[in-house]
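Here's the structure we're looking at; comments come further down.
Because the structure is a prediction, the values reported are computed rather than measured.
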Amino acid sequence: MAATVDIAEMRKRQQAQNEEISTVSQAPGGNQRPNTCCFCWCCCCSCSWYVMQSIWYHIQRRNEERGEHAGRPTHTTKMENIQIEEECQTPTVEEILSWSHNFDKMMKSLAGQNLFREFLRTEYSEENLLFWLACEDLKNEQNTKIVEDKARNIYEDYISILSSKEVSLDSRVREVINRNLLDPTAHMYEDAQLQIYTLMHRDSFPRFLNSHVYKSLLEGTEDSTTES
């Protein structure tokens with residue numbers, strides 16, 4: 001009999017506590033917390049409610065930030081205006097053959113740059129050539145204000161770890177760039193430019209010479225010469 005009374009009393013207490021929690025969960029101003037599923041409402045469903053609220057807040061903030069930046073011209077767009085001329089004189093067979101043992105000569109030729117860039121696209125490493133060209137363009141700039149703008153754009157496009165076109169540089173070179181960025185000059189990227197140039201020469205260039213891109217141009221030019 002005593003056990004039956006205790007069970008009934010426990011049920012009453014549980015019901016009263018659930019009703020009290022349900023009342024507390026109705027927040028002023030129409031905001032409601034979800035009903036709890038246990039006695040300790042602070043560490044069950046209500047915690048999930050707070051987590052979901054936090055996630056929703058950050059999603060909203062991210063969408064707002066995307067909306068704010070929509071339509072703004074990016075530095076990437078600016079830097080990609082430094083394009084290789086698409087229309088240039090067709091190289092001769094002798095010139096194309098000379099590239100195979102002279103990387104420097106190929107890089108000084110607009111036709112060579114175009115062809116090499118086409119190959120680098122297939123290897124998803126076009127940013128190396130774009131970075132090198134941007135540095136060349138910077139070195140030819142005399143206006144101090146433009147130098148500063150171009151230097152910072154290059155950093156954001158190719159040096160920053162947040163960039164999708166970040167080039168591969170060692171820590172020493174990065175430290176030098178970070179120091180130089182405090183007072184940008186037209187030649188502040190020379191070490192980095194040399195490192196990327198060497199990388200293209202030693203790593204990408206041998207594969208370029210064996211690529212379909214290079215061989216097709218060579219064969220096509222030879223055929224044209226023979227026909228003429």
Side-chain angles (χ1 to χ4, degrees), residues 73-143 146-147 149-160 163-170 173 177 184-228:
T74 62
H75 293 305
T76 300
T77 302
K78 293 179 182 178
M79 294 310 302
E80 287 187 345
N81 287 333
I82 304 173
Q83 297 292 335
I84 303 172
E85 294 182 18
E86 294 298 334
E87 296 183 4
C88 53
Q89 186 176 1
T90 302
T92 63
V93 175
E94 290 75 17
E95 185 178 3
I96 296 173
L97 287 173
S98 70
W99 295 344
S100 63
H101 53 79
N102 195 328
F103 180 70
D104 294 338
K105 185 175 182 179
M106 184 194 72
M107 290 292 285
K108 292 176 181 177
S109 164
L110 290 177
Q113 290 175 0
N114 265 331
L115 194 66
F116 191 48
R117 181 181 182 183
E118 183 180 343
F119 166 73
L120 291 177
R121 283 197 190 107
T122 67
E123 294 204 333
Y124 305 100
S125 57
E126 182 185 13
E127 65 274 3
N128 289 333
L129 182 57
L130 291 176
F131 169 71
W132 184 83
L133 289 169
C135 292
E136 286 293 288
D137 177 71
L138 177 64
K139 288 191 294 187
N140 294 325
E141 185 57 59
Q142 301 295 325
N143 186 292
I146 296 177
V147 166
D149 290 342
K150 287 186 175 182
R152 296 186 189 283
N153 289 343
I154 290 174
Y155 185 90
E156 293 179 11
D157 282 349
Y158 304 109
I159 309 300
S160 171
S163 173
S164 60
K165 296 190 298 182
E166 177 193 6
V167 295
S168 179
L169 299 171
D170 62 38
V173 172
I177 291 174
T185 66
H187 297 272
M188 63 172 287
Y189 289 109
E190 282 190 339
D191 288 348
Q193 188 184 17
L194 176 61
Q195 194 169 102
I196 294 302
Y197 189 86
T198 303
L199 176 66
M200 290 191 293
H201 187 188
R202 295 179 179 176
D203 185 61
S204 301
F205 185 58
R207 294 196 298 275
F208 163 73
L209 296 178
N210 291 317
S211 70
H212 176 72
V213 173
Y214 176 74
K215 292 180 179 179
S216 293
L217 178 64
L218 181 60
E219 292 170 2
T221 306
E222 287 176 339
D223 293 342
S224 299
T225 304
T226 303
E227 291 175 0
S228 61

Quiz item: Looking at A151 and L138, what are the two nearest heavy atoms and their distance?
Solution: N-CD1, 4.2 Å
Exercise. To the nearest 0.5 angstrom, please state how far the CG atom of L115 sits from the OG atom of S211.
Key: 7.0 Å
Practice problem: Calculate, to the nearest 0.5 Å, the distance between atoms NZ and CD belonging to K108 and Q113 respectively. | Solution: 11.5 Å
Practice problem: Report yes or no: does Y189 contribute a side-chain atom to a donor-acceptor pair with the main-chain N or O of I177 at less than 3.5 Å? | Solution: no
Self-check item: Distance, nearest 0.5 Å, that separates CD of E126 from CD of E118
Solution: 10.5 Å
Self-check item: is_close_aromatic(F103, F116), centroid dist under 6.0 Å
Solution: yes
Quiz item: Restricting to pairs with a member in residues 202-218, which pass salt bridge (charged side-chain N to carboxylate O under 4.0 Å, His left out), not counting sequence neighbours?
Solution: E123-R207, D203-R207
Quiz item: What closest approach, in Å, do P91 and T221 show between heavy atoms, and which atom pair accounts for it?
Solution: O-CG2, 3.6 Å
Quiz item: How would you list, by chain and number, every residue that makes a side-chain hydrogen bond (donor to acceptor under 3.5 Å, both in side chains) with H201, sequence neighbours excluded?
Solution: none
Quiz item: Distance from L129 atom CG to L120 atom CG, nearest 0.5 Å?
Solution: 6.0 Å
Practice problem: Check W99, Y124, F205, F208 against F119 for a ring pair (Phe, Tyr, Trp, His ring centres under 6.0 Å) and give me the one that passes. | Solution: F208
Quiz prompt | salt bridge (Lys or Arg N to Asp or Glu O under 4.0 Å) partners of E166, counting only residues at least two apart | solution = R174
Quiz item: side-chain hydrogen bond (donor to acceptor under 3.5 Å, both in side chains) with S204: which residues, sequence neighbours excluded?
Solution: none
Practice problem: With sequence neighbours excluded, tell me which residues meet side-chain hydrogen bond (donor to acceptor under 3.5 Å, both in side chains) with D149. | Solution: K145
Practice problem: Go through the structure and list residues passing side chain to side chain contact (heavy atoms under 4.5 Å, CB included) with N140, not counting sequence neighbours. | Solution: none
Self-check item: Contacts of type side chain to side chain contact (heavy atoms under 4.5 Å, CB included), residue S216, not counting sequence neighbours
Solution: H212
Practice problem: Apply side chain to side chain contact (heavy atoms under 4.5 Å, CB included) to I154 and M188, showing your working. | Solution: CA-CA 11 Å; I154 290 174; M188 63 172 287; over 6 Å; no
Quiz prompt | Rounded distance (nearest 0.5 Å) linking atom CG of L130 with atom CD1 of I196 | solution = 11.5 Å
Quiz prompt | Pairing residues for K139 by the salt bridge (Lys or Arg N to Asp or Glu O under 4.0 Å) criterion, not counting sequence neighbours | solution = E136
Quiz item: Can you list the residues that meet the side chain to side chain contact (heavy atoms under 4.5 Å, CB included) rule with N210, with sequence neighbours excluded?
Solution: none
Quiz item: Nearest 0.5 Å, what's the CD-CG distance between Q193 and D191?
Solution: 10.0 Å
Quiz prompt | For Y214, side-chain hydrogen bond (donor to acceptor under 3.5 Å, both in side chains) partners two or more places apart | solution = none
Quiz prompt | Which atom of L169 lies closest to which atom of Q195, heavy atoms considered | solution = CA-OE1, 3.1 Å
Quiz item: Who are the ring pair (Phe, Tyr, Trp, His ring centres under 6.0 Å) partners of F131, not counting sequence neighbours?
Solution: Y158
Quiz prompt | Set of side chain to side chain contact (heavy atoms under 4.5 Å, CB included) partners for E141, sequence neighbours left out | solution = N143, I146, V147, K150
